Amino acid sequence: MSKLLNRVVAPENIFAGYIEKESVFKDKRVLTAAFIPEKIPHRENEIKQLTNILAPVLKGYTTNNAFIYGTVGTGKTICCRYVLSQLEEAAIAQSKAVKALYLNCKMKRVADTEYRLVAQLLKGLGVSVPDTGLPTDVLYHKLFEKIDEKRQHIIIALDEIDSLVRKTGDGFLYSLTRMNSELKNASITTIGITNDVLFLEGLDVRVRSSLSEEELVFKPYDAVQLQDVLQERVFEGFREDVVGPEVVSLCAAIAAQEHGDARRALDLLRIAGETAERNNDNKVTDFHVNEAQDKIDVERTVEVIKGQPKQSQAVLITIIKLIEAQKKQGRWSDKRLLTGSVYESYRETCGRNNLKPLTQRRVGDLISELDMLGIISTRVISKGRYGRTREISLALNETIAHKAERTLADKFY
DNA sequence: AGTCCACAGGAAGGGCAGGCGA
DNA sequence: TCGCCTGCCCTTCCTGTGGACT
């Protein structure tokens, strides 16, 4: 056996250096947003409130539905998951039938439609259903039967619930609340998580009144609080003395500028660690954090662009090229484009690339989608007698735009 | 004040792929 | 195999818009 190991890590092996070198990380999973830590600093009150809302299920009582608000990276998801895991643990210890289901409604092709959401809930309860093919009411019926088959309490946490409602309407929320009133044995508590403070206002009155019985607001972390959050993770995630306090402060300060986003702070720390490791450095420094910041911005955008459908990419490369051409001609003042000219050039792009051009109506939607993704920015303007149109400009900085162009240049002429 | 332009954007529905049950 | 269901992408048709022009 030892002979075999020796052979695997023999010095001449190209991976030998990697295996022998001690990593700066102790446990890298700790530095991801998905990790649920033992302690969540500066969220004690919110955890207590949510615990108080859900605690009655452990005594067999029904509980109120709840709604959690807060901007990105304020700890809504992690606190909710933490409380749910603690609740399930307590329920098992006391032999109570409590089941918690957590779903992220924004996850593409997982729970981003009504059908997929109900299918995921069924999967969470151990019932497997096809990804497509069944009428939605059949799925609801199955869900109803599964939940009501015994005396139990089901807690359904729907993260980023606003994106699903925006996409499919609030019909599923109405169905869930109505289902709850018809159950004979079981009961359901719904927890909605969103970063849209005005989300409830657009809902059906009946849904709104039953869904928002309790409301929790998560405020953004400030730089000092972020430092505490990071310090916990540094202790668990990195080897001793690898990350100094100045690095933690820098990550916290950068993330605090971006609305107190803890997720961003963690990403910075993790990628700074990866950069240090790749450079064969034993300590993470400010230099690695700055490198990480650039890398996150570029990679995040490039990944989003790569994930777009081909037609959307064709529209984007058309916009990038048009802006570049205008810049080359020194026409800085008119570097904003109009829908009509973009569509015309887009058709040419399609012609060169054997792509069937879409209608202007559809391209208008693709432009709106690119706008929503923050890749371009648009503004509806009226040019009086010369019509109403959209002014389009790139929302990316030079470096990212250049990288985006190079990414798409491989696919389009 | 009325007209006109070049779209924006909503609504409805077609076509397709994929799955299910009879 | 067929009819029916789904999600998804797309087109067609339509009304609305706001400021320059007449």
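This is a predicted model, so every value here is computed, not measured. We name chains A, B, ... by the order of the sequence lines, and we start the count at 1 in each one. Below, all heavy atoms of this structure are taken into account, side chains as well, without hydrogens, waters or symmetry copies.
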Side chain of [X] only, heavy atoms from C-beta on: which candidate in [options] is closest?
X        : options               : result
A/Ser382 : C/dT11, B/dC7, C/dG19 : C/dG19
A/Thr359 : C/dT11, B/dC7, C/dA20 : C/dT11
A/Arg361 : B/dA11, C/dG18, B/dC7 : B/dA11
A/Arg385 : C/dC10, B/dA6, B/dC4  : B/dC4
A/Thr339 : C/dC21, B/dA8, C/dC10 : B/dA8

*Cut-off 3.5 Å, side chains only: do A/Asn195 and A/Tyr69 have a donor facing an acceptor?*
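No donor-acceptor contact under 3.5 Å links the two side chains.
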*asked:* I'd like to know if the side chain of A/Ser393 pairs up with that of A/Ser377 as donor and acceptor (distance under 3.5 Å, no hydrogens or angles considered).
replied: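 Note: A/Ser393 and A/Ser377 side chains meet the donor-acceptor criterion.
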Which whole-number value in Å describes the distance from [X] [atom1] to [N] [atom2]?
X        : N      : atom1 : atom2 : result
A/Arg388 : B/dG9  : CZ    : C1'   : 8 Å
A/Gln308 : C/dC9  : CD    : P     : 11 Å
A/Leu337 : B/dC7  : CG    : C1'   : 16 Å
A/Glu344 : B/dA6  : CD    : C1'   : 13 Å
A/Gln360 : C/dC9  : CD    : P     : 21 Å
A/Glu391 : B/dC7  : CD    : P     : 13 Å
A/Tyr343 : C/dT11 : OH    : C1'   : 11 Å
A/Leu358 : C/dC8  : CG    : P     : 18 Å

*asked:* Counting the atoms with a prime plus P, OP1 and OP2 as sugar-phosphate, which does A/Gly340 contact under 4.0 Å by heavy atoms, base, sugar-phosphate, or nothing?
replied: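 It contacts sugar-phosphate atoms only.
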*Give a yes or no on whether A/Arg239 atom CZ has more than 12 heavy-atom contacts from other residues, nucleotides or ligands under 6.0 Å away.*
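Yes.
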_A/Lys26 NZ: over 12 foreign heavy atoms closer than 6.0 Å_ =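 For A/Lys26, atom NZ is crowded (more than 12 foreign heavy atoms under 6.0 Å).
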_Taking the nucleotide of DNA chain C with the nearest heavy atom to each, does A/Lys356 or A/Lys383 sit closer to the 5' end?_
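Checking each residue's closest nucleotide, the 5'-ward one belongs to A/Lys356.
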_5′-ward residue of the pair A/Val380/A/Gly384 relative to DNA chain B_ =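 Comparing both residues, the 5'-ward one is A/Gly384.
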_For A/Phe238, does the six-membered ring have the charged nitrogen or CZ of A/Lys283 within the cation-pi criterion, i.e. under 6.0 angstrom from the centroid and within 45° of the normal?_
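That pair does not qualify as a cation-pi contact.
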*For B/dG9, does either OP1 or OP2 sit under 4.0 Å from a side-chain N or O belonging to A/Arg390?*
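So the side chain of A/Arg390 is within the cut-off, an N or O lying under 4.0 Å from OP1 or OP2 of B/dG9.
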*Short side-chain N/O contact from A/Arg362 to OP1 or OP2 of C/dC10, under 4.0 Å*: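 So the side-chain polar atoms of A/Arg362 do come within 4.0 Å of the phosphate oxygens OP1 or OP2 of C/dC10, strictly under.
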